[in-house]
Amino acid sequence: MIRVAAVAPDSIAADLGLAPGTELLRVNGRELSDFLDFEFLTADEQFLLLARLPDGEAIEFDIERPEGRPLGVRLEPPRIRRCANHCDFCFVDGLPEGLRETLYVRDDDYRLSFRYGNFATLTNLKPRDVQRILEYHLSPLYVSVHATDPLLRRRILRNPRAPEVIPQLQEFAAGGIRFHAQIVLQPGVNDGPVLERSLEDLYRLDETILTVAVVPVGLTSFSNHHAAREPAEAECRAAAEAVHRFAERALAERGHRWVHGSDELYLNANLPLPPAEWYGDFEQAENGVGSVRYLEQRIAAAGPLPRLEGRTIGVLTGAAMGRLMPQVLHTLSAATGARFDLTVLENDLFGPSVTTAALLPGRAFRRALEGRDDLDVALLPAEAVNDDGRFLDDVRFDQLTRDVPTRVVLSYDFADALRESRLGP
Ligand code: SF4
């Protein structure tokens with residue numbers, strides 16, 4: 001059973017009399033267990049929907065809808081599938097107290113993997129889940145592999161019951177399911193020959209594995225540093241070299257590079273980032289793979305930017321992007337005539353080892369902007385704020401804008417904010 005959270009006005013659902021609180025029970029006689037059932041079973045133009053209205057009355061609706069016209073219901077959020085693993089490097093275990101409640105949920109949910117690109121380990125699948133993935137053709141999915149050796153993978157996941165990942169992927173491959181994979185690199189655990197074997201095993205699955213990302217493990221000050229450590233420069237360099245060898249082979253044999261190191265891997269290895277063409281369609285940009293090049297491409301694709309001579313634009317970011325930002329800002333300065341003032345923030349919530357801008361707390365931005373009345377506008381990374389307008393530490397963005405003496409704008413790629421007419425002279 002799933003429940004309606006909201007009904008769009010003038011929609012089919014509103015015409016039928018569905019209201020918030022209505023329970024959606026069956027479609028064409030098939031029970032609805034979540035949003036996936038609902039979306040896939042109501043995809044046809046005609047279907048029978050059994051619903052129980054908030055007053056308790058159960059009605060079966062014979063629904064016909066023109067192609068493309070949505071039913072007009074928003075469902076209550078699904079119950080998230082919890083993770084059955086206990087990785088030493090688990091980010092959730094490394095969170096301090098007092099953050100947004102949802103951050104403490106260790107999700108491992110193939111449905112969110114399909115819908116939002118969340119990585120899942122596939123270690124908590126029941127036979128019915130496998131059947132649904134195949135029936136609904138949930139592809140591509142994002143899978144955390146870490147190592148293909150079954151025993152080692154169980155050790156990394158701290159889950160003695162984790163099924164073998166390669167046979168699992170092969171079963172899905174037979175049903176046409178494709179995957180983007182990631183390997184979170186732990187030095188002395190799954191790097192070196194283990195990394196080579198994992199890449200080889202994944203490569204042999206042919207087109208089943210669309211891309212692979214190799215990402216160095218990231219720990220916070222609150223992580224279990226006795227159990228895990230971050231790779232040193234030489235270890236990142238060795239991993240980047242392994243990535244390059246496989247990427248060159250894939251390029252020669254398949255026409256695309258297939259495997260990529262995350263930006264963090266190159267930064268930690270003290271190596272230059274590969275050029276944009278290395279990353280293909282930037283399929284794992286949200287996983288920190290090619291995100292800098294992706295940003296540069298978005299800026300270039302935005303076309304001519306407004307002239308902003310005499311303006312001073314503050315740019316606030318984390319240490320990871322901070323190292324690369326001068327080259328981006330130089331380009332922006334040449335294109336607009338504005339002066340860009342870069343502030344690189346240390347993450348005082350998770351500790352200085354967490355360098356990504358998306359994980360910066362609101363209080364860090366607020367502190368950095370206190371007394372900054374010399375800026376015409378300050379640009380903050382939009383990824384640091386969730387859909388409810390809150391930073392990780394629950395600071396509200398709208399409150400922040402009132403707390404500081406300069407205008408503050410969230411921006412994904414600078415071009416979006418610079419195009420705003422109010423920034424112009
Ligand atoms: S798979 Fe590991 S890292 Fe991911 S949520 Fe589970 S325990 Fe944490």
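Atoms within a ligand are numbered from 1 in the order they appear, just like the ligands themselves.
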| message | Would you say CZ of R155 has more than 12 non-hydrogen atoms from neighbouring residues, nucleotides or ligands within 6.0 angstrom? | response | no
| Geometric cation-pi criterion, R254 with Y203: 6.0 Å, 45° | yes
| message | If I take every N, O or S atom of C87, is at least one of them less than 2.8 Å from atom 2 (Fe) of ligand 1? | response | yes
| request: Keeping the roles fixed (side chain from D44, backbone from F47), state whether a donor-acceptor pair exists under 3.5 Å. | output: no
| task | Give a yes or no on whether the backbone of T208 and the side-chain of D206 come within a donor-acceptor separation of less than 3.5 Å. | result | no
| Can an N, O or S atom be found in C90 less than 2.8 Å away from atom 6 (Fe) of ligand 1? | no
| Any side-chain donor-acceptor pair under 3.5 Å between R298 and Y412? | no
| query | Does some non-hydrogen atom of T121 fall short of 4.0 Å from ligand 1? | reply | yes
| message | Check contact between N85 and ligand 1, using heavy atoms of the residue and a distance below 4.0 angstrom. | response | yes
| Closest approach of any protein heavy atom to atom 6 (Fe) of ligand 1, naming residue and atom | C83 SG, 2.2 Å
